Structures are given as structure tokens and as C-alpha cells.
Amino acid sequence: MLRANLRRQAGPFVSLTVAALIAGFAVTQSTHRWIEIGENLHEAACGYGGAAAVLLASWQGGAEVRSGVDWIHATAVRGVLTQRLAGLASGVLWPLAGYLLAVLAVLVWPYAGQPSHRPPFDAMTVDAASIVAVSCFGHLAGRAVPLPATPFVLVTALILFGQSSWWSAITHPAEINYTGDALPPGTSGWVPVRPHPWLPWCRALMLAVVAAAAVSLCARCWKTAVVLVTVAGTAALGLHLTQKGSAAISAVNASEMRCTGRAVALCLPKENEGARRRLQPQVDRLAGKLRGVRGAPSYYVVSDQSYRYGDWGADNDPADTGPRVIGIELSADARSLARDIACPDLCTGPLEGAVFTWLTGTSPDSVLYGEEQLHLVQLLNEMPPKQRTNWLSRYLDAVESGKSLPDMPYTPRWSS
């Protein structure tokens, strides 16, 4: 009797535990923005939700075999598929109910969200479908290997598999993606393009097919299982190939990008448009100093991914022959912009410091910078414009490619 009571109470206990863990992780690890809440919700769903689903479903699947009552099913009026669905129902529904309860708690949480960012319901649906798929495969594994240790082995395998690049490509956390003005191809790594609106729902449907294949294997419907596995594998390969240059699975959190400027483009998400009045003069001032210089930035991009990529610096990919793009923080100023150009790592040498000082237009301090750097700044100021443009082109090329910095030109007039 005690064992029967424990079995009846295990489902609700698992459901409430999953809900508390997922909701707590989602709201306590974020900074009140839906994009971060959605990402934490995804991580918690794959971690806590997946582990609970595997433990409960595989335990129930193994318990059915260990109890030795399969002969009853053979004489039952209901079909084999109906019996298997009834057997794994609680293993699927309780973890799923816990996740949905956590989503409801997060949705009514009064501090969530920024006006431009919305709950990624498409990504949440993918998470729910993944919990169902994991539950069904857990039940199948429990029946195939009905040992008490099987659920714990499965949880360990799930954790290791969840860290693989293949799985991450299918169920990657939602990221902000961009619409509006076109950006150079080189930004696709840190400014995800908006996926097709139907793509996330295809992922959810694919995971549902995976779950149906597991149920078919449990019911020994071999032909149906083979067809479903083939469909799911083909869909996974197709989705992986479709999403080149972007790992975003949500089409909801799209931010509109707007680029303005004559010499160079300053690109801002629409919700950060108020910062353009402060940033545009600084960008234009730098563009004027670097007019005609090869390798000078053509795009300054403020991305809402800055909470993750807080220190981009310059894009130093030698294979990228397109326009140079610099990702900047929303709080950037003239000094940080000049530093990203002159010395994206650290301004450790006098030559780097001189270029940085010249770009900012500040008066160098002899105590702070030293006589050598002061002299280099003076040389830059007195250098003929054409010669300075050519030398700065060589300098920026060396900074981007990691080569040795070119020496400053020297003339007798400067030494006098």
C-alpha cells in the first residue's frame, strides 16, 4: 500500500519540483529582459525538465517490465499502442505540466520584459516538445533495459548529449535577431539574422515526430517507427543546413536595425535610437580623422547582444575582405571608439598610445604618456595629410592582421 501511494504521489511531486526549479532559475539568473529570461528558461527546461522526464519515464518503463505483468496486456481488449500510451502518460504529462506551470509563473512575473522584447513562445514550444520526446525515449530505454540503475545512466547520458554541438544546433537558446537595414556578412556571427517564422515550429514538430517514433518502438510497430525515424533525421539535417550563420530558434524577438551616416554607418536597434544623437557626432569625428585610410571602420554597430559579447573590439578575421565592422557598446564614448580602432587589445606601446591620443584629439600629459609618446603625437599632427593617410593604412592593416606595427616616418624637420 505504501509503495502504491508513493507511486501516485511521485508524479505531482516531480511536477511541482520541476516548476519551482525552472521558474526560479529563469527569473533569478536574468536582468528582467525577455531575451535573457527565455534563454534561462530554455537551459532550465533542458536541464531540470529533461532530467525529471528521463528519471520518471524510464523508472515507470522499467517497473512495468520488472513487475512481470506484460502477459495481461497480451490478453487485453485495448490495442498495444493504446496500452503503451496509457503506460507512459504520467511519465510524459507530469514533467510537461511542471514546465508549463513554470512558464505560466514566468509570464505573470511582474518584472519581466522590455517593451521591444516579447516572450519567445515559439522557443518555449520547442522546449515543451523536447521534454515530451525525452520522456518517450526514457520510457523506451526503461523497458529495453529494465534495471534500477538505468534512469541514472540515462540522466548522465542526457547531460553529456546536451553539450554536443549537434543538439545545440537544434535546440539552441533564443537570441535577439535583426530586421531592417542590411548589415555586412561579417556581422552574422554576433548579429543573428531573423529566421523564417515557420522554422521554430518545424523544430517542435520534428521533436514530436521523434516522440511518436519512440512510442511506436515501445508498441513494436516497426514499420511506423522506421518511417518516423527517417522523417525526423531528414528534418534535423534540413533544419541544420537552413540555419547557416544564425543559431536563433525564435522568430519573435526581432529588433529593427537602422543605419545612418555619410562617411560611415552607425547602426542602432530601434529601441536604442535615443543614443544616436550622442554617438553620431563621435563616429563622424573619427570618420573625419580616418578619411581615405584603408581598413578604417565602415560600420559601427550597437547590438543588443552586448550582454553576452561585452568586449568585441575589432573584427580581426584576416579572411574577411569586406567592410570593417566594429561592434560597440551602447554606453560607448569617444575614447572607447578610438581604442577599438587604435589598439583593440591593449594600448601598451608608445606608438599605439600615440595613435589613440591623436584619434581622440586630447592633449597628452607628459607625466602620463612620456616624452617618446608626446613626440610621436607631434609627428602625427605635423605629417603631411597624404603621408599620414598612407601610414595609418599600414598601421590599421598591422593591427587587424596581428603583424608588427610600422615605424613612424622620420624627417630632419621633425628632429630639429
Side-chain angles (χ1 to χ4, degrees), residues 260-267 275-302 311-316 318 320-416:
T260 61
R262 296 180 180 177
V264 297
L266 173 61
C267 302
R276 189 180 299 277
R277 182 176 298 180
R278 175 179 58 84
L279 289 171
Q280 191 73 60
Q282 299 173 7
V283 168
D284 291 341
R285 193 176 301 113
L286 276 175
K289 290 239 177 185
L290 296 171
R291 185 176 291 110
V293 176
R294 297 186 308 274
S298 300
Y299 287 83
Y300 294 81
V301 182
V302 176
D311 187 18
W312 293 320
D315 185 2
N316 294 327
D320 187 8
T321 58
R324 186 180 177 193
V325 181
I326 288 187
I328 62 176
E329 297 282 357
L330 190 62
S331 58
D333 54 17
R335 293 181 62 85
S336 63
L337 294 178
R339 186 179 295 109
D340 285 342
I341 298 171
C343 39
D345 296 326
L346 284 174
C347 294
T348 54
L351 185 57
E352 297 164 292
V355 176
F356 168 71
T357 303
W358 182 80
L359 286 176
T360 57
T362 56
S363 300
D365 186 343
S366 60
V367 176
L368 179 63
Y369 294 102
E371 293 297 331
E372 182 181 4
Q373 187 168 323
L374 286 174
H375 180 63
L376 293 174
V377 174
Q378 183 180 1
L379 292 181
L380 272 173
N381 285 323
E382 296 180 356
M383 196 182 298
K386 186 175 181 180
Q387 188 177 21
R388 181 170 57 221
T389 298
N390 291 334
W391 183 84
L392 285 173
S393 298
R394 294 167 53 206
Y395 176 88
L396 292 186
D397 178 68
V399 168
E400 285 193 85
S401 60
K403 301 176 184 177
S404 299
L405 299 179
D407 293 329
M408 183 81 76
Y410 179 85
T411 65
R413 181 170 62 87
W414 294 331
S415 62
S416 57

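Please read all numbers here as calculations on a predicted model, not as lab measurements.
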CG-CZ distance between Leu359 and Arg335, expressed to the nearest 0.5 angstrom
11.5 Å

Can you find a pair of side-chain heavy atoms, one from Thr389 and one from Arg291, that are under 4.5 Å apart?
no

Please report the shortest heavy-atom distance between Ser404 and Ala398, naming the atom on each side.
O-CB, 3.6 Å

Closest non-hydrogen atom pair between Leu337 and Ala332, with its separation
CD2-CB, 4.1 Å

For Met408, does its backbone N or O pair with a side-chain atom of Tyr395 as donor and acceptor, under 3.5 Å?
no

Thr360 and Ala338 have their tightest heavy-atom pair at CG2-CB, 3.5 Å

Looking only at heavy atoms, which two atoms of Ala342 and Glu352 are closest? And how far apart?
CB-O, 4.3 Å

Positive for side chain to side chain contact (heavy atoms under 4.5 Å, CB included) with Pro297, one of Leu286, Asp340, Leu290, Val325:
Leu290

Can you confirm whether Asn381 is buried at CG, in the sense that more than 12 heavy atoms of other residues, nucleotides or ligands lie under 6.0 Å from that atom?
yes

Inter-residue atom distance Leu351.CG - Cys343.SG, 0.5 Å rounding:
10.0 Å

Out of Arg388, Met383, Gln378, which one pairs with Trp358 under the side chain to side chain contact (heavy atoms under 4.5 Å, CB included) rule?
Arg388

Step by step, work out the side chain to side chain contact (heavy atoms under 4.5 Å, CB included) result for Ile328 and Leu266.
CA-CA 10 Å; Ile328 62 176; Leu266 173 61; 4.2 Å; yes

Arg324 versus Ala296, closest heavy-atom pair with distance
CB-O, 4.0 Å

If you take all heavy atoms of Gln280 and Gly261, which pair is closest and at what distance?
NE2-CA, 4.1 Å

Dump the intermediate steps for side chain to side chain contact (heavy atoms under 4.5 Å, CB included) on Val399 and Val355, then the final yes or no.
CA-CA 12 Å; Val399 168; Val355 176; over 6 Å; no

Compare all side-chain heavy atoms of Lys403 with those of Asp397 and state whether any distance is below 4.5 angstrom.
yes

Taking atom types as modelled, is there a side-chain donor on Ser336 or Asp333 under 3.5 Å from an acceptor on the other?
yes

